[in-house]
Amino acid sequence: MSTYPPRLVCGILYRDMPRLDTLGYAESGVLARIGDDDARQWYAVARSPYGIVYVDNAHEAMDETNYAAISAEVCAAADVPEPWRDGPLEWPDDDETVAVLGHVLCVHERVYGDVAPVVAQLASQLDNYPLLDEEAYSAREYDAWLKYAPLAWSDEVRDAQRAGRYGDDDAVYDALTEHWDSLLVLVSPHLHYSEGFSGEYSPPFLALLDDCTRAELAEIVGPEIADRLVAARQSEQSEQSEQTGVDS
């Protein structure tokens, strides 16, 4: 069950743009009573995801991506380069029109009319699809996957090594794991990750390496390791052919 106030679209955007002084400290992080002269001039646009403790990395990345997109659109509508930010007990100067106050991205009443249509459009987009910038989210997901994938890659190669695919020593394992970055570039056009924040991917790395030529492998891991990789592939293919013949 969501702990976000129901007025928040996708847990982040204030569709109705309430006055900051009406939110309360628990929601806004701003010490302001209803009717306070400073707070009543500011209208809430979005709840900042920064400072929130997430248990789901994908959810966190989605909120941060949406927040960045909302902030950029609001700043463009208000004709400012970025929101004002300062200490929690300070108010912006009189010439500021977009600010992060407490936990909330806000706009001043002077630009409310310029920003409100943009917020309405963003709310409509989020009603139809919970992500405002697919490309930015995908970049975050890929970066997260790059942190998880080397461990999965290492485990896959280690399992093959223990099964005797590459002989009795660790030379192939050491070479493949040492040149992970270069091998990733080689196989990445054919690699698909199903969930970037958990490191899942397909097909197996070793299957992708089997599709590489000896010359491609030798350029990265050297001719000796490339020969062993090719030999392991040919041996496995031969065993599969023999098994197919027996089964038929």
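Computed from a prediction, not measured in an experiment: that's the story for all the values here.
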To the nearest 0.5 Å, how far apart are [atom1] in [X] and [atom2] in [Y]?
{"X": "Gln234", "Y": "Asp210", "atom1": "CD", "atom2": "CG", "answer": "10.5 Å"}
{"X": "Tyr166", "Y": "Asp174", "atom1": "OH", "atom2": "CG", "answer": "13.0 Å"}
{"X": "His179", "Y": "Glu219", "atom1": "NE2", "atom2": "CD", "answer": "11.5 Å"}
{"X": "Arg158", "Y": "Thr177", "atom1": "CZ", "atom2": "OG1", "answer": "8.0 Å"}
{"X": "Glu135", "Y": "Thr65", "atom1": "CD", "atom2": "OG1", "answer": "11.5 Å"}
{"X": "Met17", "Y": "Glu109", "atom1": "CE", "atom2": "CD", "answer": "11.5 Å"}

Arg140 and Asp143: CA distance, side-chain angles, deciding distance, side chain to side chain contact (heavy atoms under 4.5 Å, CB included) verdict = CA-CA 5 Å; Arg140 286 176 179 268; Asp143 287 343; 5.8 Å; no
Locate the shortest heavy-atom distance separating [X] from [Y]; write the atom from each residue and the value.
{"X": "Leu13", "Y": "Val45", "answer": "CD1-O, 3.2 Å"}
{"X": "Leu132", "Y": "Ile70", "answer": "CD1-CG1, 3.6 Å"}
{"X": "Trp91", "Y": "Val30", "answer": "CH2-CG1, 3.8 Å"}
{"X": "Ala46", "Y": "Tyr14", "answer": "N-CD1, 3.7 Å"}
{"X": "Asp211", "Y": "Arg233", "answer": "N-NH1, 4.1 Å"}
{"X": "Pro83", "Y": "Ser71", "answer": "CG-OG, 3.5 Å"}

Under 3.5 Å, side chain of [X] to main-chain N/O of [Y], donor-acceptor pair present?
{"X": "Arg47", "Y": "Glu27", "result": "yes"}
{"X": "Asp114", "Y": "Ala77", "result": "no"}
{"X": "Arg40", "Y": "Thr22", "result": "no"}

May I have the step-by-step check of side chain to side chain contact (heavy atoms under 4.5 Å, CB included) for Tyr43 and Val111, ending in yes or no?
-> CA-CA 10 Å; Tyr43 291 82; Val111 295; over 6 Å; no
Just wondering, do [Y] and [X] contact through their side chains at under 4.5 Å, heavy atoms?
{"X": "Thr97", "Y": "Val107", "answer": "no"}
{"X": "Val98", "Y": "Leu105", "answer": "yes"}
{"X": "Leu206", "Y": "Arg165", "answer": "yes"}
{"X": "Pro49", "Y": "Tyr54", "answer": "yes"}
{"X": "Val104", "Y": "Trp42", "answer": "no"}
{"X": "Leu101", "Y": "Pro92", "answer": "yes"}
{"X": "Asp169", "Y": "Arg228", "answer": "yes"}
{"X": "Leu176", "Y": "Leu229", "answer": "yes"}

Answer with yes or no whether the hydrophobic clustering places Val100 together with Tyr50; edges join I, L, V, M, F, W, Y residues whose side-chain heavy atoms lie under 4.5 Å apart.
-> yes
May I ask whether Val230 and Leu186 are part of the same hydrophobic cluster, defined by side-chain heavy atoms of I, L, V, M, F, W, Y residues being less than 4.5 angstrom apart, directly or through others?
->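 Unlinked, Val230 and Leu186 end up in two clusters.
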Check the pair Asp227 / Arg214 against side chain to side chain contact (heavy atoms under 4.5 Å, CB included), numbers first and verdict last.
-> CA-CA 7 Å; Asp227 286 340; Arg214 179 195 176 281; 2.5 Å; yes
Hey, is CG on Asp94 packed in by over 12 heavy atoms from elsewhere, all under 6.0 Å?
-> no
More than 12 heavy atoms of other groups within 6.0 Å of Asp79 CG =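 No - once you tally the heavy atoms of other residues, nucleotides and ligands closer than 6.0 Å, there are 12 at most.
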Tell me, with the steps shown, if Leu183 and Val187 meet side chain to side chain contact (heavy atoms under 4.5 Å, CB included).
-> CA-CA 6 Å; Leu183 290 167; Val187 303; 5.6 Å; no
